[in-house]
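The first residue in the sequence is number 1, and the count goes up from there.
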Amino acid sequence: MPRFSDAAVSLVDLPAAARSAARSAAEGLGGDDASFAVVLVAGGGPDEAASALEAAAQALPAGATIGARVPQALIGRGQLVSGRPAVVVWAAALPGVRVRTFHLEVLPGPEGLVVVGTPPGAEQDGLALLLADPFSFPVDGFVSGANVNLPGLPMAGALPSGPLGPGSSRLMADGRVVARGAVGVSLGGAVRHHQVVCPGARAVGPPMCVTSAEGSTVRTLAGVPAATRLEEVRGGLPPHEQALAGGGTALGLLADEYADAEDPANYVVLSVLSADRDTGEVALSAPVEVGRTVRLAVPDPQAAGVELAQALHRLAQQGSTGGALVLSAGTAPDESALGLGGLSAAVRRALGPLALAGFSSQGVLASRSGHNHVHAQTAVVVVFDA
């Protein structure tokens, strides 16, 4: 029978906090060995965070352990831990599940940069969890390639960045700490999980075709300069949607070009980083190819909170849940609908007192419409059956 546990310890001495949290998480499994564990460290400098990640891996006997240095806010023991040094350890004992860790690196190849380190046979697994450094790892390119080379493998993950920018991130796989690339764990066999994806922005206005783009810069939409076209769409929205647009705008990317373009649920949220009225170019948080369908997206946290509660309620009716990871992109450490505190409360209300951990990062990785995507302004709850 699967078992899950979580622990959170806040101490200025991060390695000591890590050892204490690891021991507590191990005890919470009731004598079972952990199949895999996730370690999250907030606070301290890069070296201290690295020592804490190593200490947790050494103190917790587990088949596989991954971890990362994350921003100052965490979910641990189902509660928000913010503004102080802390270590959260989440552990799972999953009988019959094959677990493998991996470290992905970017190396030069004959035709450019290549990603190495993907475990063989990963396409046969049921889930891959990924923690990627956004400064050194091309997560968008990796995900696009994985959708082709590893079809049918659902992924979930996040982009935890060090607070001091490039070079300050720390990732860990089985006790080995690295400052670049990505770490992850692949789960195969009898693993049962669900992903609840909750965008914080809603697609509005008419669908538009990307007619000129390079990388993450969109030049024209339906033949019109992209910045101009977005302003036109924003100006034509109903008053209540214009009010929402006042809180900022994003772009919704149709996840599957064969899906209903009028249904907001079929869109992946990308952040609009800048819009240049002189050139008409719009810079996004992820690359977009020519020919893809997009819509303007406006923040709607109240509606997103309702949708999240409904999705979690439906999941609770399907059976017993034992553990969950909350991965959030761009949310504040507060009690709002999509803040870390609000997310934690929503999960506990719907699913009960389960083992729960999580954090917020620059972006999240989740499966939608049968493909994996990098999302902005979105929360993902990965729930494991008990």
**Q** For Thr101 and Asp174, does a side-chain donor sit closer than 3.5 Å to a side-chain acceptor?
**A**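 Yes, side-chain donor-acceptor contact under 3.5 Å.
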
**Q** Hey, are the side chains of Arg295 and Pro206 touching, using non-hydrogen atoms and a 4.5 Å cut-off?
**A**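 Not in contact.
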
**Q** Taking atom CD of Glu105 as the centre, report whether more than 12 heavy atoms of other residues, nucleotides or ligands fall under 6.0 Å from it.
**A**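 Check passes, neighbour count above 12.
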
**Q** Check whether any side-chain heavy atom of Arg292 sits under 4.5 Å from a side-chain heavy atom of Leu253, and report yes or no.
**A**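 Counting from C-beta outward, Arg292 and Leu253 do come under 4.5 Å.
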
**Q** Side chains of Asp133 and Ser136: do they bring a donor and an acceptor to under 3.5 Å?
**A**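 Yes - a donor-acceptor pair under 3.5 Å links their side chains.
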
**Q** Using only atom types and a distance under 3.5 Å, with no angle test, would you say the side chain of Ser35 pairs donor to acceptor with the backbone of Ala93?
**A**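 The answer is no, because no donor-acceptor pair under 3.5 Å joins these two groups.
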
**Q** Would you say Asn372's side chain and Pro154's backbone share a donor-acceptor pair under 3.5 angstrom?
**A**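 Here the side-chain-to-backbone pair does not exist.
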
**Q** By the definition side-chain contact (heavy atoms from CB on, under 4.5 Å), identify the one residue from Leu254, Val218, Leu221 that meets it with Val294.
**A**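 The side-chain contact (heavy atoms from CB on, under 4.5 Å) with Val294 is passed solely by Leu221 among Leu254, Val218, Leu221.
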
**Q** Within a radius of less than 6.0 Å around CD of Gln317, do more than 12 heavy atoms belonging to other residues, nucleotides or ligands occur?
**A**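 Enclosed: over 12 neighbouring heavy atoms sit under 6.0 Å from CD of Gln317.
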
**Q** I want to check something: taking the side chain as every heavy atom from C-beta on, are Leu356 and Ser344 in contact at a cut-off of under 4.5 Å?
**A**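 Yes, side chains in contact.
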
**Q** Without swapping roles, check the side chain of Arg23 against the backbone of Ala56 for a donor-acceptor pair under 3.5 Å.
**A**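 Not at all, since once roles are kept as given, no pair shorter than 3.5 Å links the two residues.
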
**Q** I'd like to know if the side chain of Trp90 and the backbone of Ser5 have a donor-acceptor N/O pair within less than 3.5 Å.
**A**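 No; zero donor-acceptor contacts below 3.5 Å.
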
**Q** For the residue pair Ile75 and Val88, establish whether any side-chain heavy-atom pair is separated by less than 4.5 Å.
**A**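 When only atoms from C-beta onward are counted, Val88 and Ile75 do not touch, as no gap falls below 4.5 Å.
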
**Q** Looking only at atom types and distance, does a side-chain atom of Ser10 sit under 3.5 Å from a main-chain N or O of Pro85, one as donor and one as acceptor?
**A**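 Checking the backbone N and O of Pro85 against the side chain of Ser10, a donor-acceptor pair under 3.5 Å is found.
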
**Q** Taking side chain as C-beta onward, heavy atoms only, is Arg234 less than 4.5 Å from Leu296?
**A**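 Contact flag for Arg234/Leu296 side chains = yes.
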
**Q** Looking at every heavy atom in both Val185 and Ala64, which two are closest together, and how far apart are they?
**A**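 That would be CG2-CB, 4.2 Å.
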
**Q** So does Asp260 get a backbone contact from the side chain of Asn266, meaning a donor-acceptor N/O pair under 3.5 Å?
**A**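 Indeed, once roles are kept as given, a pair shorter than 3.5 Å links the two residues.
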
**Q** On a heavy-atom basis, which atom in Ser169 and which in Pro160 lie closest, and how many Å separate them?
**A**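 For Ser169 versus Pro160, the nearest heavy atoms are OG-O, 3.8 Å.
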
**Q** Indicate yes or no: at least one non-hydrogen side-chain atom of Leu354 is less than 4.5 angstrom from one of Phe384.
**A**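 When only atoms from C-beta onward are counted, Phe384 and Leu354 do not touch, as no gap falls below 4.5 Å.
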
**Q** Indicate, with yes or no, if Val99 and Leu29 share a hydrophobic cluster defined by side-chain heavy-atom contacts under 4.5 Å among Ile, Leu, Val, Met, Phe, Trp and Tyr.
**A**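 No.
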
**Q** Does any non-hydrogen side-chain atom of His194 lie less than 4.5 Å from one of Gln318?
**A**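 A side-chain contact under 4.5 Å exists here.
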
**Q** For the residue pair Asp47 and Arg170, what are the closest heavy atoms and their distance?
**A**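 Where Asp47 meets Arg170 most closely, the heavy atoms are OD1-NH2, 4.3 Å.
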
**Q** Please give me the minimum heavy-atom distance between Asp140 and Ala286, naming the atom from each residue.
**A**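 So the two residues come closest at OD1-CB, 3.4 Å.
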
**Q** Any chance the side chains of Gln362 and Ser161 put a donor and an acceptor closer than 3.5 Å?
**A**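 Yes - a donor-acceptor pair under 3.5 Å links their side chains.
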
**Q** Please report the shortest heavy-atom distance between Leu74 and Ala42, naming the atom on each side.
**A**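 So the two residues come closest at CD1-CB, 3.8 Å.
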
**Q** Does Asp256 use its side chain to pair, donor to acceptor, with the backbone of Tyr258 at less than 3.5 Å?
**A**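 Present.
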
**Q** Can you check salt bridge (Lys or Arg N to Asp or Glu O under 4.0 Å) on Glu241 and Arg202, steps first, answer last?
**A** CA-CA 10 Å; Glu241 291 180 347; Arg202 175 166 52 86; 3.5 Å; yes

**Q** Do Val106 and Pro138 have side-chain heavy atoms sitting under 4.5 Å apart?
**A**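 The answer is yes; the side chains approach within 4.5 Å.
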
**Q** Parallel, tilted or perpendicular for His373 and His371, by the 30°/60° rule?
**A**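 Geometry flag for His371 against His373: tilted rings.
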
**Q** Atom OG1 in Thr378, atom CZ in Arg368: separation rounded to 0.5 Å?
**A**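 Thr378 atom OG1 to Arg368 atom CZ measures 7.5 Å (nearest 0.5 Å).
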
**Q** Minimum heavy-atom separation for His193 to Gly126, with atom names?
**A**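 Reported closest heavy-atom pair: CE1-O, 3.2 Å.
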
